[in-house]
Amino acid sequence: MTDGAWSATRPGLAPREVATHCPYCALQCGMTLREDDTGVSVHPRQFPTNRGGLCQKGWTAAELLDHPERLTTPLLRDPATGELRPASWDAALDRVVTGIRAVQQDAGRDAVAVFGGGGLTNEKAYALGKFARIGLRTRHIDYNGRFCMSSAAAAGMRAFGIDRGLPFPLADLGRADTLLLVGANPAETMPPLVRWLTEQRRRGGRLIVVDPRVTATARQADLHLQPLPGTDLAVANALLHIALTEGWVDRSYVAERTTGFEAVRRSVAAWWPARAEQLSGVPVADLEETARALGTGGRVIILTARGAEQHAKGVDTVTAYVNLALALGLPGRDGSGYGCLTGQGNGQGGREHGQKADQLPGYRRIDDPAAREHVAGVWGVPADELPGPGVPAYQLLDSLGTPDGPRALLVFGSNPVVSAPRASRIEGRLRDLDLLVVADLLLSETAALADVVLPTAQWAEEDGTMTNLEGRVLRRRALRPPPPDVRTDLDIISALAARLAPDEAAATEAAARFPADPAAVFAELRRASAGGIADYAGISWARIDGDDGVWWPCPTEDGPDTPRLFAERFATPDGRARFHPVDHRPAAEEVCSAYPLHFTTGRVLAQYQSGTQTRRVPALRRAAPEAFVELHPDLAARLGIDDGDPVRVTSRRGELCAPARLSAGIRPDTVFAPFHYPGAGRANSVTNDAVDPISGMPEFKICAVRVEKA
């Protein structure tokens with residue numbers, strides 16, 4: 001129902017409405033929810049990021065609030081039948097606590113792990129990290145944002161000393177004279193953002209897209225570079241090579257605001273355009289035209305996204321584009337810069353406050369003694385009681401149930417059975433656990449494997465904050481309370497902390513230490529983040545309400561926030577940005593006679609992430625009902641495949657089966673599948689689990705496969 005009408009009715013309900021934000025991507029479009037006796041309806045709201053626009057996912061977001069498949073009571077697996085059966089909260093929580101105690105008593109505190117999600121509010125992300133470290137005393141916590149932003153985050157930290165997806169307001173995109181999008185398809189992943197691209201071109205700006213496929217975004221571009229998957233780094237180095245040759249490098253900026261340029265200059269000397277063309281397939285003329293547009297434009301912005309980042313060399317690839325931006329003098333210049341398009345709704349805030357294996361709130365490093373002292377002081381525990389760093393998401397998931405890995409896992413807001421690389425292997429790891437607990441609003445493919453399933457509140461049933469792709473902290477407001485037997489994640493964390501306590505007095509203290517009230521949690525988050533890279537100390541809910549959000553860092557309530565970073569200095573000890581020489585290296589798995597084709601994945605307009613929610617919305621299911629395999633007509637003809645034929649894509653790790661979709665918009669040496677679907681069409685049964693050595697990002701975007709008619 002694209003008008004946002006709700007399917008259920010509530011006779012006699014007093015009308016009410018609330019201003020909030022869409023539950024899906026990091027654009028966090030403003031919307032108003034209205035509820036009366038006819039149901040809940042969604043209305044676009046004039047907000048700076050979306051300016052009254054919503055995509056089909058946003059319009060239909062309220063349809064899940066009373067979906068017939070919604071979880072409304074805890075479920076316990078019956079040991080006799082193996083089935084999940086309804087249970088009371090007392091029984092479910094007792095089973096969780098009994099299992100945690102048994103596992104930790106037998107194998108130590110690190111035998112229990114926590115896996116979070118980039119869609120959790122800041123309050124929930126903060127509470128989950130705190131619960132793992134002082135409630136469970138485990139080092140093992142990470143989250144699905146590791147599969148999203150980690151490579152760009154690591155590159156940003158080592159270049160700028162800070163990780164904020166966009167270090168400038170989104171509106172700058174509309175002012176750019178040249179805008180380079182690398183591995184980004186916002187026309188399908190965050191459609192309201194396209195308004196800024198339209199404005200940019202209306203003003204006479206040039207849009208250049210780098211993508212192996214002719215996507216909906218690439219079709220709007222003035223110039224489309226179509227490289228072989230996994231060669232974006234070579235393209236970036238060639239662009240910088242051309243900029244150096246043509247004299248477009250901003251020498252005064254480089255001298256005054258950066259360090260390390262000379263090593264990068266030497267490293268890109270070997271990346272002449274013809275070499276990059278031979279490797280990537282991008283013509284020399286297109287490389288030269290792109291470099292000219294970047295080097296001679298007035299306001300220039302370079303953006304990367306998952307297509308460039310989800311590789312075993314993702315950090316180096318992003319670094320190559322950061323090097324290019326720095327050499328051109330873009331970061332910190334009005335209307336120009338480098339940025340990354342964050343994917344998940346709270347992909348930015350979710351990684352700032354403790355869900356990542358190596359971080360504490362405020363984007364502090366967990367191995368930094370001063371950071372440990374500060375956060376431990378806020379939490380009221382000795383610093384030496386905080387565990388050390390854990391391991392990144394895929395390494396954590398792949399260790400589950402093994403002799404040296406965790407034997408119990410608590411999952412909040414994630415569905416790794418569909419979203420993790422080499423998913424069949426991860427599904428097996430989850431089955432090997434002594435205890436799997438999943439908190440979710442629907443029975444996801446991961447929840448279906450759980451020993452205990454805990455029903456959680458939806459986005460319209462709880463207050464909290466989210467941080468969008470600009471670093472703007474926003475308010476999520478509850479329209480109504482959750483159903484009677486459904487709890488919020490904060491309620492669940494508080495209850496588990498209390499039940500894990502050794503006695504009644506300790507249980508009371510634990511419940512107070514882990515409040516279920518999101519306002520109280522945010523107040524503590526502010527103190528814990530104070531002085532950190534992501535400083536929220538000056539951000540209050542009242543200030544957010546009055547200002548259409550507040551940009552971090554914001555250290556004081558009566559001081560300014562920071563919509564633009566880097567105007568005067570970078571967040572490094574000496575205030576200078578860092579160049580880092582990086583070189584192209586092949587994909588972790590190259591094609592061969594047995595697996596002669598490249599495989600890549602991505603999203604489609606009507607679905608989101610693992611599809612747990614969007615696949616249950618009728619209009620979205622009709623628009624994109626099933627997985628497909630996109631391949632070029634020339635490749636299809638060679639393989640004897642017609643449009644719509646069932647095809648099998650096989651890698652060294654597994655296979656997927658789905659109908660063929662022929663498209664001249666994909667390279668003849670590459671096939672594509674969306675990753676939203678489970679079962680036979682699960683794209684991540686095929687993907688490579690090789691990871692970036694710095695970020696832990698798996699190589700989702702390229703592996704070697706063979707394709708045949710099924």
Side-chain angles (χ1 to χ4, degrees), residues 4 17-33 42-55 57-59 61 121-122 164-176 179 181 184 186-187 189-203 205 207 299 301 303 305 332-349 352 459 463-477 534 536 538-554 559-567:
E17 70 176 45
V18 66
T20 189
H21 294 269
C22 179
Y24 291 115
C25 79
L27 199 57
Q28 286 295 285
C29 295
M31 61 168 56
T32 299
L33 293 180
V42 172
H43 302 268
R45 181 162 62 92
Q46 285 294 331
F47 193 76
T49 52
N50 61 306
R51 298 191 300 183
L54 290 176
C55 74
K57 294 186 286 290
W59 276 112
T121 63
N122 290 316
R164 202 177 86 183
L166 292 185
F168 45 76
L170 190 66
D172 279 14
L173 303 187
R175 303 167 53 211
L179 178 57
L181 294 180
T189 59
M190 46 182 65
L193 184 145
V194 175
R195 295 182 176 212
W196 300 109
L197 306 187
T198 302
E199 179 176 311
Q200 185 248 355
R201 297 190 66 207
R202 187 186 302 124
R203 291 169 51 90
L207 174 63
R299 293 181 297 268
I301 293 176
L303 297 180
R333 203 172 85 204
D334 183 49
S336 296
Y338 163 80
C340 172
L341 293 178
T342 307
Q344 295 190 77
N346 202 29
Q348 180 70 56
E352 294 169 358
W459 59 289
D463 292 315
T465 60
M466 307 283 278
T467 305
N468 79 345
L469 77 173
E470 308 164 292
R472 188 198 303 246
V473 186
L474 309 167
R475 280 269 280 118
R476 175 176 284 181
R477 299 174 181 86
Y536 282 37
I539 304 176
S540 65
W541 284 12
R543 185 170 179 179
I544 295 170
D545 293 345
D547 294 341
D548 274 343
V550 181
W551 277 274
W552 69 262
C554 181
D561 61 351
T562 318
R564 295 184 188 279
L565 297 173
F566 315 144

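Only this structure's heavy atoms are used, side chains among them; waters, hydrogens and symmetry mates stay out. Sequential numbering from 1 along the given sequence is applied to the chain's residues.
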Give the minimum heavy-atom separation between [X] and [Y], together with the two atoms involved.
X	Y	value
Phe47	Leu474	CZ-CD2, 3.3 Å
Ile301	Ser336	CG1-CA, 3.9 Å
Pro192	Cys29	CG-SG, 3.7 Å
Ala61	Trp459	CB-CZ2, 3.6 Å
Ala305	Ala184	CB-CB, 3.6 Å

For this session: Apply side chain to side chain contact (heavy atoms under 4.5 Å, CB included) to the pair Leu181 and Leu197, showing each step before the final yes or no.
Result: CA-CA 11 Å; Leu181 294 180; Leu197 306 187; 4.2 Å; yes

For this session: Decide yes or no on side chain to side chain contact (heavy atoms under 4.5 Å, CB included) for Leu33 and Val42, but give the supporting numbers first.
Result: CA-CA 5 Å; Leu33 293 180; Val42 172; 3.7 Å; yes

Using 0.5 Å steps for rounding, measure from the [atom1] atom of [X] to the [atom2] atom of [Y].
X	Y	atom1	atom2	value
Leu166	Asp172	CG	CG	9.0 Å
Arg195	Arg51	CZ	CZ	7.0 Å
Asn468	His21	CG	NE2	8.5 Å
Glu470	Phe168	CD	CZ	9.5 Å
Arg476	Asn346	CZ	CG	8.0 Å
His43	Trp59	NE2	CH2	7.5 Å

Exercise. Is the shortest distance from a Lys or Arg side-chain nitrogen in Arg472 or Asp561 to a carboxylate oxygen in the other one below 4.0 Å?
Worked result: no

Problem set entry | Presence of salt bridge, Glu17 and Arg45, under 4.0 angstrom |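 Salt bridge flag = no for Glu17 with Arg45.
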
Exercise. Do you see a donor-acceptor pair shorter than 3.5 Å between the side chains of Thr467 and Tyr536?
Worked result: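 Tyr536 and Thr467 do have a side-chain donor-acceptor pair below 3.5 Å.
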
Problem set entry | Trp541 six-ring centre to Arg477 NZ/CZ under 6.0 Å and within 45° of normal | no

Are [X] and [Y] side-chain neighbours, meaning at least one heavy-atom pair lies under 4.5 Å?
X	Y	value
Pro553	Leu565	yes
Cys554	Arg543	yes
Leu173	Leu303	yes
Thr20	Arg475	no
Gln28	Thr49	no
Cys25	Leu193	no
Ile544	Val550	yes

For this session: Using the side chain to side chain contact (heavy atoms under 4.5 Å, CB included) rule, take Asp334 and Arg175 through it: C-alpha gap first, then chi angles, then the decisive distance, then the call.
Result: CA-CA 10 Å; Asp334 183 49; Arg175 303 167 53 211; 3.1 Å; yes

Problem set entry | Short side-chain to backbone donor-acceptor contact, Gln348 and Gly165, under 3.5 Å | yes

Problem set entry | N/O donor-acceptor pair under 3.5 Å between Arg564 side chain and Pro169 backbone |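 No, the answer is negative, given that no donor and acceptor are paired below the 3.5 Å cut-off.
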
